[in-house]
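Accompanying notes for the structure given below.
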Amino acid sequence: MKFTIIYSNHHKGNFNEELLIFLEQHLASQGHEYRVRDLYSMDFNAVLKTDDFEGISAGNTPADIATEQKHIAWADVVVFIYPAWWGGMPAILKGYIDRVFSWGFAYKSNSSGPYPLLVGKKALILSSMGQSKEDYERGMFAAMNRINEEGIFGFCGIEVTDQIYFPSIQSVKPNQKIQYFGQVSRSVAKIGQVQGQIRTVLFQA
């Protein structure tokens, strides 16, 4: 399978970077192809502007958007690695989705309304959290899941196979990291077998 990894963390030497390195090594060891799009290293412009709309509508998609759309189109699976900030994605990742998952690429519309263009692709979402599992169990997990599953990726036709959360990440111990990485490798292995359902995977920190 072909994986495009969208990585969104500005810190070096953190859990997200360790997870990215593990995932790259695991995908390579299993014979998968992969690409990494490190949004901060790329200094990706996350602000959707009128010029973007006008260019896309006129069939002249801005070059940086067109490049990223090629990476998404290439992939069977899109993996998102990011820290949860304010109950959602970092601004640079949200802006990436705003600009790249655009009309004419991710969806279109007709007299019956919008319809998806990315049917058949899958997404795996890996998100670290500073707070504890208990802090997010009061409806936050359900809200984040629904936004991703229905409001963003499902709208484009992408099936979210897993959303895996890593709570209290600043205090995570080495043996817990091994468990986390093991869960990610198992999630990769079963991609393609999950049919139309989403699972929230939580770990005690």
Side-chain angles (χ1 to χ4, degrees), residues 1-41 71-72 74-85 87-90 92-93 96-97 120-133 135-137 140-142 144-149 152-154 158-205:
M1 287 188 294
K2 295 179 291 187
F3 290 75
T4 292
I5 304 169
I6 311 299
Y7 179 75
S8 310
N9 197 310
H10 63 291
H11 285 301
K12 297 296 182 181
N14 57 45
F15 173 79
N16 287 163
E17 186 176 51
E18 292 180 53
L19 179 57
L20 173 63
I21 293 170
F22 167 81
L23 183 58
E24 289 183 85
Q25 294 173 341
H26 177 71
L27 292 176
S29 72
Q30 298 300 306
H32 299 301
E33 298 178 70
Y34 70 89
R35 300 173 179 179
V36 178
R37 310 303 293 160
D38 184 337
L39 301 188
Y40 284 100
S41 293
H71 289 299
I72 299 297
W74 172 84
D76 301 307
V77 183
V78 186
V79 183
F80 296 87
I81 301 176
Y82 63 89
W85 289 351
M89 303 172 176
I92 196 168
L93 177 55
Y96 182 93
I97 291 170
K121 296 187 182 297
K122 299 183 186 299
L124 171 60
I125 301 173
L126 309 175
S127 186
S128 62
M129 301 157 31
Q131 293 173 274
S132 70
K133 175 173 74 76
D135 289 330
Y136 276 77
E137 284 182 319
M140 290 295 291
F141 285 127
M144 291 190 292
N145 285 352
R146 186 169 185 181
I147 287 171
N148 286 333
E149 181 192 13
I152 300 176
F153 302 113
I158 300 174
E159 177 190 355
V160 179
T161 60
D162 270 327
Q163 294 197 64
I164 305 180
Y165 299 103
F166 308 100
S168 303
I169 202 61
Q170 290 90 344
S171 59
V172 68
K173 296 177 174 58
N175 65 319
Q176 292 173 308
K177 288 183 183 179
I178 293 173
Q179 295 176 21
Y180 290 173
F181 295 160
Q183 176 59 40
V184 171
S185 65
R186 290 189 294 273
S187 185
V188 169
K190 67 190 176 189
I191 286 177
Q193 301 174 4
V194 180
Q195 298 298 321
Q197 63 181 351
I198 187 170
R199 293 183 303 283
T200 300
V201 182
L202 303 176
F203 290 95
Q204 295 282 356

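Just so it is clear, the values below take in all heavy atoms, side chains as well, and ignore hydrogens, waters and symmetry mates. All values derive from a computational prediction rather than experimental measurement.
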Do the non-hydrogen side-chain atoms of [X] and [Y] ever get within less than 4.5 Å of each other?
X: N9; Y: E17; result: no
X: V77; Y: H32; result: no
X: F3; Y: L124; result: no
X: E24; Y: V36; result: yes
X: H26; Y: Y34; result: no

Would you confirm whether T161, through its side chain, and I191, through its main-chain N or O, come within 3.5 Å as a donor-acceptor pair? no
Where do N145 and Y165 land on the side-chain contact (heavy atoms from CB on, under 4.5 Å) test, with the steps shown first? CA-CA 11 Å; N145 285 352; Y165 299 103; 2.7 Å; yes
How long is the gap from [atom1] on [X] to [atom2] on [Y], to the nearest 0.5 Å?
X: S128; Y: W85; atom1: OG; atom2: CH2; answer: 9.5 Å
X: I81; Y: L39; atom1: CD1; atom2: CG; answer: 11.0 Å
X: I169; Y: Q176; atom1: CD1; atom2: CD; answer: 8.5 Å
X: Y82; Y: Y96; atom1: OH; atom2: OH; answer: 14.5 Å
X: M89; Y: I97; atom1: CE; atom2: CD1; answer: 3.5 Å
X: I125; Y: I152; atom1: CD1; atom2: CD1; answer: 7.5 Å

Any idea which heavy atoms bring [X] and [Y] closest together, and the distance?
X: S8; Y: P90; answer: O-CG, 4.2 Å
X: R186; Y: Q179; answer: NH2-O, 4.4 Å
X: L93; Y: F80; answer: CD1-CD2, 3.9 Å
X: G182; Y: S185; answer: O-OG, 2.7 Å
X: S41; Y: K12; answer: OG-NZ, 4.0 Å
X: A84; Y: M129; answer: CB-CG, 4.1 Å

Over 60° means perpendicular and under 30° means parallel, so classify the ring planes of F22 and F181, tilted if in between. parallel
Could you please spell out the steps behind the side-chain contact (heavy atoms from CB on, under 4.5 Å) verdict for V172 and Y180? CA-CA 10 Å; V172 68; Y180 290 173; 3.5 Å; yes
Given F166 and K177, is the side-chain contact (heavy atoms from CB on, under 4.5 Å) satisfied, shown in steps? CA-CA 9 Å; F166 308 100; K177 288 183 183 179; over 6 Å; no
I would like to know whether I164 and Q183 meet side-chain contact (heavy atoms from CB on, under 4.5 Å); could you show each step before the answer? CA-CA 9 Å; I164 305 180; Q183 176 59 40; 3.9 Å; yes
